[in-house]
Amino acid sequence: MATERYNAPAREAHWQQAWRDSNVDAAKADTSLPKCYVLEMFPYPSGRIHVGHSRNYTMGDVFARYKRAKGFNVLHPMGWDAFGMPAENAAMERKVHPGSWTHDNIAAMREQLKAMGFSIDWDREFATCDVTYYAHQQQLFLDLLAEDLAYRKSSKVNWDPVDQTVLANEQVIDGCGWRSGAPVETKELTQWFFRISKYSDELLDALDTLGKWPEKVRLMQANWIGRSQGVAIRWALNSDTAPTDHSELEVYTTRPDTLFGASFLAVAADHPLAIAAAKNNPDLKAFCDECRRMGTSVADIETAEKKGFDTGIKARHPFDPEWELPVWVANFVLMDYGTGAIFACPAGDQRDLDFARKYDLPVKPVILPKGESADTFEISDEAFDGDGTMINSGFLDGLTTTDAFQLAADKLASLHLDGKPVAIRQTNYRLRDWGISRQRYWGCPIPIIHCEDCGSVPVPSADLPVKLPDDHIDFETPGNPLDRHPTWKDVACPSCQKPARRETDTMDTFVDSSWYYVRFTAPHADKPVDGEQAAYWLPVDQYIGGIEHAILHLLYSRFFFRAISDAGQGPAGGKNLREPFAALFTQGMVTHEAYFQPNPAGGKPNWIEPTKVRVEGDGKDRKAVLAETGEAVEIAGIEKMSKSKKNVIDLDDFINNYGADTARWFVLSDSPPERDVLYTDVGVEGARRYVQRVWRLIDDAADKAAPQGSAKPEKIGSEAVILRKATHKALEAVGRHIEGLRFNVAVATLYDFANQFGSALQKADENSPDDLKWALREAGELMTHMIAPMMPHLGEECWARLGYNTLLANQPWPAAEKALLVDDEMTIAVQVNGKRRDELTIGVDASKSDIEAAALALEPVIKALDGKPVKKVIVVPKRIVNVVA
RNA sequence: GCCCCUGUGGCGGAAUCGGUAGACGCGACGGAUUCAAAAUCCGUUUCUCGCAAGGGAGUGCCUGUUCGAGUCAGGCCAGGGGCACCA
């Protein structure tokens with residue numbers, strides 16, 4: 001048969017149709033089967049998919065296909081994280097409805113994902129902007145409200161002046177909005193919160209159980225939660241100096257051991273004591289106002305100087321009532337951490353020291369570092385916050401820092417002020433409650449009605465969903481279109497029936513993505529969560545997504561899953577399941593060189609598509625020019641593929657040129673999956689060559705090998721055994737590497753096997769013995785199985801070429817024959833004094849003494865020994881012999 | 001400032017446990033096939049000394065543990081990431 005090139009684009013469409021016709025991608029309803037839930041973080045429907053996006057879906061798909069072949073009931077769904085700002089921006093720019101823009105994008109992207117041949121159970125697809133999804137989310141909100149896990153309060157919020165909306169702490173990156181990039185301001189607003197702080201301890205402690213999560217992500221979450229163990233100390237105030245109603249001041253500290261080094265106390269500008277003291281002190285009031293203004297921009301904080309104002313109030317030291325310390329207002333003390341007040345030990349804290357030096361407050365060292373002498377040790381302009389021995393500290397003198405902590409804390413607890421202990425141990429967290437109100441149209445409405453008499457009244461479940469209005473949506477003016485809608489917010493109070501007003505805030509879109517993986521287990525259920533289905537499918541066995549969600553989405557999901565479980569919407573059957581994602585894999589990005597021309601008017605550069613650029617020369621002389629005009633273009637370097645830098649490769653173009661299997665193979669090749677992979681034309685060529693090569697090999701094998709269904713010959717000659725060993729070793733290795741998500745190594749194994757299979761095929765012809773022909777068929781069939789998870793279309797094509805009329809997608813993963821994985825002989829390196837001198841090939845069952853004798857007889861070994869007596873011989877079978885002389 | 005990760009040929013990278021460093025791919029060089037080209041196939045390719053046989057060095061740098069270190073420990077250097085007034 002004449003070898004033709006494999007026409008990937010045409011054949012891929014054919015096989016995709018065949019899979020659809022046989023419904024191979026649907027999860028089975030039988031809950032007695034072992035299950036495997038494979039999930040990639042669902043995409044935001046931004047427009048079109050590029051090669052960069054396709055990488056994590058490809059990884060998930062390889063894993064899902066492999067697990068299905070291994071006999072698991074696989075759930076591999078796909079949906080759309082469809083609410084959010086870009087739809088509103090598009091609406092503004094193009095005068096289209098955010099919903100129609102979103103749905104158009106979804107339609108286009110769905111076709112692209114299908115063209116990649118991903119084995120997705122499309123019957124379970126949904127978008128978070130579907131009423132059938134967000135209606136259930138509103139019910140979950142009500143459930144959380146009933147459990148006091150959702151509440152409303154007035155607080156300072158991060159305000160994005162460009163997007164005109166509130167941001168959660170997690171959404172502020174370097175003081176700027178995570179989406180708009182605009183510097184965030186502070187604003188006082190009443191809004192809805194989820195009580196994530198209730199789960200601080202659990203979310204932190206359970207990180208230890210997530211063995212299949214990257215260490216890095218667990219660490220980032222632990223830091224984010226930021227638990228600290230300390231002591232809350234109440235200081236008595238000198239009543240002659242304190243405002244009325246303020247007889248004490250509570251401070252939080254993690255270092256009670258340094259109490260004898262205290263120099264002053266400081267409170268935040270918003271602290272009640274500061275406000276009370278400012279009443280009769282205009283200068284102090286002016287200072288407090290200044291502090292508040294400074295806080296408006298996070299960027300200012302970084303450069304802000306430490307500033308303070310002495311209130312004139314005196315506090316009595318808990319260990320010595322005669323010892324009075326001044327109470328200051330300081331701009332570096334935060335109201336919303338601990339008690340909003342601190343005691344300062346300048347010798348042990350850099351900020352306190354800077355402050356003390358500036359305002360000439362006392363600095364007394366209390367901890368002596370190791371190797372220093374108490375007589376000579378001094379603090380100049382660097383505080384010492386390490387461990388050491390206590391000095392100048394009364395009853396703590398001579399103790400270690402750790403012991404001093406305990407003793408000081410115990411002593412404080414035994415002292416009393418107004419009949420209560422002076423101090424209690426306290427745990428504090430960096431983690432704040434999650435503010436979920438967003439002043440946007442394109443989000444899930446918060447199901448609340450505000451009534452003048454009844455307050456905030458939940459919308460009764462029977463009245464759900466609260467649907468977004470489709471008409472009278474005005475995006476021309478900044479702010480929330482729901483707020484400006486002529487009728488939508490006018491509604492009767494469910495409680496007293498009087499005219500009332502709907503809540504016009506919508507939920508943060510991270511709420512949508514906090515439970516979509518639960519919904520996938522029963523996407524058509526008439527309640528938010530089908531407990532039975534959730535109990536069967538959850539947790540997600542393999543979750544794949546970008547490291548950028550290490551905190552935001554993953555922490556929210558871990559919280560929300562617990563919260564809805566505790567509110568009665570969790571998995572059924574007493575399954576004590578707290579973590580939604582058993583294994584997490586964070587994949588790297590696809591990068592591509594980016595080019596630009598500086599904008600003559602200043603500001604953002606003018607990015608240019610790589611296809612319009614011609615690159616000349618190499619090394620230092622490498623230059624880029626516009627292909628058409630020859631105009632010079634700047635090379636920006638390797639950047640993550642992104643629309644804004646125009647360095648994307650559109651998936652449709654790619655598939656039309658090369659086919660989906662080439663795209664899949666390319667994004668898996670070379671780079672380890674957790675690292676970035678660089679898109680290059682030569683890299684793609686390499687992948688395309690391999691696709692054709694596999695096809696030629698199978699095509700050739702189909703002609704030369706034994707016919708399909710041939711019985712295994714009685715005797716297998718040595719040549720055939722060599723091929724069989726290579727085949728089965730590759731089979732075992734490919735499976736192991738896919739299981740471990742080491743796709744680049746699985747790919748390398750297959751390249752290697754193609755080389756071996758290729759040379760065996762080249763030597764074979766119609767006169768080859770039957771046993772070799774049989775081994776060639778086995779090699780061809782097993783290779784087809786091996787490439788199939790990565791290149792499923794080519795797999796089907798080869799399977800058909802090998803004479804089958806079944807679908808490879810329905811075939812089980814073949815088991816490697818154990819006997820073929822071990823060799824009869826082993827090759828061992830022989831070292832003399834740790835230096836490799838020769839190697840030794842010997843039977844696998846050779847004893848240690850046999851190996852030793854054989855090694856010592858080797859010519860290079862004798863030569864290297866040069867007559868020196870052998871002191872010792874280390875023999876590690878299958879690995880090494882080391883002769884020590 | 002604090003916390004974390006990563007450093008291997010010209011390049012991407014491989015190397016269960018401490019046991020032959022450089023698998024596999026890309027690029028480069030040489031060859032076969034061809035009227036020629038494309039495509040394909042075969043070979044060489046860590047550096048260095050040597051015609052060769054063979055020798056020496058080598059996983060960012062320096063110490064150490066070990067019969068043996070890319071892998072373990074300590075100290076540096078470089079790059080990347082996270083947090084950042086958190087008391």
Side-chain angles (χ1 to χ4, degrees), chain A residues 3 5 173-175 214-224 226-228 230-231 251-255 258 265-266 268 295 298 301-302 304 306 330-334 336-345 348-352 354-355 385 428-432 547-548 550-551 618-619 669-672 674-678 680 682-683 685-687 689-690 692-693 696 736-737 740 742 744-755 758-759 762 827-840 860 863 871-885:
Chain A
T3 301
R5 284 173 68 84
I173 315 288
D174 290 335
E215 182 66 33
K216 187 183 178 176
V217 174
R218 289 189 283 163
L219 249 155
M220 279 164 71
Q221 292 209 358
N223 289 338
W224 188 265
R227 179 162 64 193
S228 80
V231 180
V251 308
Y252 172 73
T253 182
T254 55
R255 296 299 299 270
T258 64
L265 282 74
V298 184
I301 289 176
E302 301 191 14
K306 308 268 172 288
N331 65 347
F332 66 90
V333 179
L334 305 173
D336 59 356
Y337 186 80
T339 59
I342 62 158
F343 89 80
C345 171
D349 182 286
Q350 195 58 48
R351 279 164 311 170
D352 296 350
D354 293 346
F355 195 89
D385 60 1
N428 265 293
Y429 305 88
R430 222 188 65 103
L431 183 68
R432 291 298 121 75
I547 185 78
E548 68 272 21
I551 295 170
D618 47 47
S669 304
D670 292 344
S671 284
E674 67 276 13
R675 284 203 218 166
D676 290 349
V677 63
L678 176 63
T680 60
V682 286
E685 274 306 316
R689 266 203 301 270
Y690 187 72
Q692 295 298 337
R693 181 149 186 241
R696 277 196 313 275
R736 184 159 41 86
H737 292 313
R742 290 179 298 271
N744 59 321
V745 190
V747 162
T749 306
L750 278 163
Y751 272 118
D752 199 18
F753 178 65
N755 290 338
S759 26
Q762 235 179 10
T827 302
I828 311 174
V830 181
Q831 299 179 335
V832 176
N833 291 332
K835 250 184 167 338
R836 184 180 173 280
R837 292 295 170 183
D838 201 0
E839 59 182 34
L840 175 68
K863 202 176 145 195
K871 282 187 201 145
K872 174 153 100 165
V873 179
I874 287 144
V875 178
V876 184
K878 291 188 187 173
R879 299 231 180 259
I880 208 155
V881 177
N882 191 8
V883 181
V884 186

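Protein chains get the first letters and strands the later ones, always in sequence-line order, with residue 1 at the start of each. Only this structure's heavy atoms are used, side chains among them; waters, hydrogens and symmetry mates stay out.
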Do A:Leu265 and A:Val251 pass the side-chain contact (heavy atoms from CB on, under 4.5 Å) test, and can you show the C-alpha distance, the side-chain angles, and the key distance before you say yes or no? CA-CA 8 Å; A:Leu265 282 74; A:Val251 308; 4.0 Å; yes
Approximate separation, where rounding is to 0.5 Å, of A:Ser669 OG and A:Asn744 CG: 8.5 Å
Which whole number of Å gives the distance between the C1' atom of B:G55 and that of B:U66? 26 Å
B:C67 base to A:Lys871 side chain: any donor-acceptor pair below 3.5 Å? no
Start at the 5' end of RNA chain B and walk down; is the nucleotide closest to A:Gly683 or to A:Ile828 reached first? A:Ile828
Does B:C76 sit syn or anti, given that only angles within 90° of 0 count as syn? anti
Atom OH of A:Tyr429 and atom C1' of B:C83 are separated, to the nearest Å, by 19 Å
Quote, to the nearest angstrom, the C1' distance that separates B:A84 from B:C3. 11 Å
If we take the C1' atom in both B:A78 and B:A39, what is their distance in whole Å? 45 Å
Could you check whether A:Asp752 gets within reach of a base, just the sugar-phosphate, or nothing at all, counting any heavy atom under 4.0 Å? sugar-phosphate
Can you tell me, in whole Å, how much space there is between the P of B:A32 and that of B:C47? 25 Å
Determine the contact category for A:Asn755: base if any of its heavy atoms lies under 4.0 Å from a base atom, sugar-phosphate if only primed atoms, P, OP1 or OP2 are that close, otherwise nothing. sugar-phosphate
Rounded to the Å, how far apart are A:Ile874 CD1 and B:U20 C1'? 16 Å
Pairing nucleotide - B:A52, Watson-Crick or G-U, each distance under 3.5 Å: none
Under 3.5 Å on both distances, the Watson-Crick or G-U partner of B:A78: B:U6
For the atom pair OG1 (A:Thr253) and CD1 (A:Ile342), what is the distance rounded to the nearest 0.5 Å? 8.5 Å
Contact class for A:Leu334 vs. all strands (heavy atom < 4.0 Å): base, sugar-phosphate, or nothing? base
Among B:C41, B:G27, B:G82, find the nucleotide with the atom closest to the side chain of A:Arg696. B:C41
Pairwise C1' distance for B:C35 and B:A28, with rounding to whole Å: 28 Å
When both distances are under 3.5 Å in a Watson-Crick or G-U wobble arrangement, the nucleotide paired with B:C85 is none
What integer distance in Å separates A:Lys863:NZ from B:G54:C1'? 6 Å
A:Leu678 CG to B:C26 P: how many Å, rounded? 15 Å
Rounded to the nearest Å, what distance is computed from the CZ atom of residue A:Arg837 to the C1' atom of nucleotide B:G68? 14 Å
Are OP1 or OP2 of B:U20 and a side-chain N or O of A:Arg879 less than 4.0 angstrom apart? no
Nucleotide forming a Watson-Crick or wobble pair with B:G58, both distances under 3.5 Å: none
Using the closest heavy atom to pick a nucleotide of RNA chain B for each, name whichever of A:Val830 or A:Val333 lands nearer the 5' end. A:Val830
Pair partner, B:C35 [Watson-Crick or wobble, under 3.5 Å]: none
Rounded interatomic separation in angstrom, taking CZ from A:Arg430 and P from B:C86: 11 Å
Return the CZ to NZ distance between A:Phe355 and A:Lys306, rounded to the nearest 0.5 Å. 10.0 Å
Taking the side chain of A:Leu219 as heavy atoms from C-beta outward, which of B:C3, B:C26, B:A23 is closest to it? B:C3
Atom-pair distance (CD1 on A:Ile551; C1' on B:C3), nearest Å: 12 Å
Working for side-chain contact (heavy atoms from CB on, under 4.5 Å), residues A:Tyr252 and A:Val231: CA-CA 6 Å; A:Tyr252 172 73; A:Val231 180; over 6 Å; no
Using a 4.0 Å heavy-atom cut-off across all strands, classify A:Tyr751 as base, sugar-phosphate, or nothing. sugar-phosphate
Taking B:C24, B:A84, B:C85 as options, the one with an atom nearest any side-chain atom of A:Trp224 is B:A84
Distance between P atoms of B:U59 and B:A69 (Å, rounded): 11 Å
Does B:G22 have a Watson-Crick or wobble partner in any strand here, with both distances under 3.5 angstrom, and which is it? none
In whole Å, what is the span from the CZ atom of A:Arg742 to the C1' atom of B:G12? 18 Å
Give, for atom NZ of A:Lys878 and atom CD1 of A:Ile880, the distance between the pair rounded to the nearest 0.5 Å. 15.5 Å
The reported gap from CZ in A:Arg837 to NZ in A:Lys863 (rounded to nearest 0.5 angstrom) is 8.5 Å
Between B:C72 and B:G1, how many Å separate the two C1' atoms, rounded to a whole number? 30 Å
Whether A:Lys216 contacts B:U6 is assessed here as follows: a side-chain N or O lying under 4.0 Å from the phosphate OP1 or OP2. Is that the case? no
Check this one for me: any side-chain N or O of A:Tyr252 less than 4.0 Å away from OP1 or OP2 of B:A87? no
Applying a 4.0 Å non-hydrogen cut-off, can you work out what A:Gln762 is touching in the nucleic acid: base, sugar-phosphate, or nothing? sugar-phosphate
Which base, if any, makes a Watson-Crick or G-U wobble pair with B:U44, both distances under 3.5 Å? B:A28
Rounded to the nearest 0.5 Å, how far does OG1 of A:Thr749 lie from CZ of A:Arg742? 9.5 Å
What contact category does A:Asn744 fall into here, base, sugar-phosphate, or nothing, at under 4.0 angstrom with non-hydrogen atoms? sugar-phosphate
Distance, C1' atom - from B:U40 to B:A57, rounded to whole angstrom: 39 Å
Need one value for A:Arg227: base, sugar-phosphate or nothing, where a base atom within 4.0 Å counts as base even if backbone is also close, heavy atoms only. nothing
Is A:Thr254 touching bases, backbone alone, or none of the nucleic acid, heavy atoms closer than 4.0 Å? sugar-phosphate
Scanning all shown strands, the Watson-Crick or wobble mate of B:U65 with both distances under 3.5 Å is none
Heavy atoms from C-beta onward define the side chain here; which of B:C26, B:G68, B:C24 lies closest to that of A:Asn882? B:G68
Look at all strands and tell whether A:Thr680 reaches a base, only sugar-phosphate, or nothing, counting heavy atoms closer than 4.0 Å. nothing
